[in-house]
Amino acid sequence: MNDNNQSPHWNHDDDAAIQEATPKLKRPPMYRVVLLNDDYTPMEFVVELIEKFFHHSRDKAAQIMLKIHTEGKGVCGVYTGDAAETKATLVNQYSQDHQHPLHCQSEPCNE
């Protein structure tokens with residue numbers, strides 16, 4: 001093999017110095033994943049679901065469940081858009097599979 005055929009041909013202009021601009025990185029928008037209260041899903045199921053999908057301790061999951069129960073909804077986690085949508089979809093499917101009407105959704109946050 002000939003190295004001349006393999007390497008790219010570069011034109012150098014000795015009179016100009018080119019410096020590429022450093023890209024400005026911006027944090028992606030974040031979304032809250034929330035569970036909405038209903039009158040049918042057992043509290044224990046909600047606690048177990050929060051532990052399973054959001055990796056909270058039993059105590060933290062119980063706190064979130066009580067917030068859902070008393071305030072109508074509770075935040076289970078904050079994620080980027082695609083991750084939040086995926087979590088909500090998985091939770092909704094899991095709830096349906098276990099014949100519970102529990103609903104999960106993502107919503108934009110300003111954190």
Side-chain angles (χ1 to χ4, degrees):
M1 271 191 200
N2 185 346
D3 284 336
N4 290 340
N5 292 337
Q6 294 296 322
S7 62
H9 181 69
W10 298 97
N11 288 328
H12 295 283
D13 185 358
D14 293 333
D15 294 333
I18 299 173
Q19 180 179 1
E20 293 186 24
T22 304
K24 295 196 184 218
L25 300 178
K26 184 169 93 171
R27 288 193 167 277
M30 302 301 283
Y31 293 81
R32 290 185 290 264
V33 178
V34 298
L35 286 171
L36 305 178
N37 189 42
D38 66 68
D39 293 331
Y40 304 101
T41 306
M43 292 179 179
E44 184 60 28
F45 178 81
V46 176
V47 171
E48 290 172 5
L49 182 142
I50 293 169
E51 289 176 303
K52 178 180 180 83
F53 287 95
F54 300 98
H55 310 288
H56 290 298
S57 69
R58 177 147 299 257
D59 288 343
K60 180 66 175 173
Q63 288 175 0
I64 295 169
M65 178 277 298
L66 287 173
K67 185 171 179 96
I68 295 164
H69 182 69
T70 59
E71 297 180 21
K73 73 178 182 178
V75 177
C76 296
V78 177
Y79 306 91
T80 59
D82 287 343
E85 284 297 320
T86 299
K87 288 269 189 194
T89 300
L90 291 171
V91 168
N92 287 331
Q93 186 61 56
Y94 185 79
S95 296
Q96 283 182 348
D97 290 348
H98 288 83
Q99 300 177 342
H100 294 297
L102 185 66
H103 183 71
C104 185
Q105 65 188 30
S106 66
E107 53 188 44
C109 66
N110 298 324
E111 294 178 5

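The structure places OH of Tyr94 at 8.5 Å from NE2 of His100, a figure rounded to the nearest 0.5 Å. Rounded to the nearest 0.5 Å, atoms SG (Cys76) and CD (Glu51) are 11.5 Å apart. Atom CE of Met43 and atom CG of Leu66 lie 6.5 Å apart (nearest 0.5 Å). To the nearest 0.5 Å, atoms CD (Gln105) and CG (Leu35) are separated by 9.5 Å. To the nearest 0.5 Å, atoms CZ (Arg58) and CD (Glu48) are separated by 5.5 Å. Going from atom CE of Met65 over to atom OG1 of Thr70 covers 9.5 Å, rounded to the nearest 0.5 Å.
Using modelled atom types, one finds a donor on one side chain and an acceptor on the other under 3.5 Å when comparing Gln93 with Asp97.
Scanning all heavy atoms of the two residues, the minimum distance from His56 to Ala61 falls at CB-N, 4.2 Å. Residues Ala84 and Tyr79 approach most closely at N-CB, 3.8 Å, considering heavy atoms. Minimum interatomic distance between Asn92 and Cys104 (heavy atoms only, all atoms of both residues): OD1-N, 2.7 Å. Counting all heavy atoms, side chain and backbone alike, Tyr31 lies closest to Ser106 at CB-CB, 4.3 Å. Contact detail for Ala62 and Val47: the closest heavy-atom pair is CA-CG2, 4.0 Å.
Here the two rings, on Phe45 and Tyr40, have centers that are 6.0 Å apart or farther.
Both Phe53 and Ile50 sit in one connected hydrophobic cluster of ILVMFWY residues. Membership requires side-chain heavy atoms under 4.5 Å apart, directly or through other members. Put simply, Leu90 and Val46 are part of the same group of oily side chains (I, L, V, M, F, W, Y) that touch within less than 4.5 Å, one to the next.
Considering only heavy atoms from C-beta on, Ile68 stays 4.5 Å or farther from Lys73 through its side chain. Using a 4.5 Å cut-off on side-chain heavy atoms (C-beta onward), Glu107 and Val34 make contact.
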Output, in order, the C-alpha distance, side-chain angles, deciding distance and verdict of side-chain contact (heavy atoms from CB on, under 4.5 Å) for Thr41 and Ser95.
CA-CA 9 Å; Thr41 306; Ser95 296; over 6 Å; no
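Other residues, nucleotides and ligands contribute at most 12 non-hydrogen atoms within 6.0 Å of the CD atom of Gln99.
Between the side chain of Lys87 and the backbone N or O of Phe54, no donor-acceptor pair lies under 3.5 Å.
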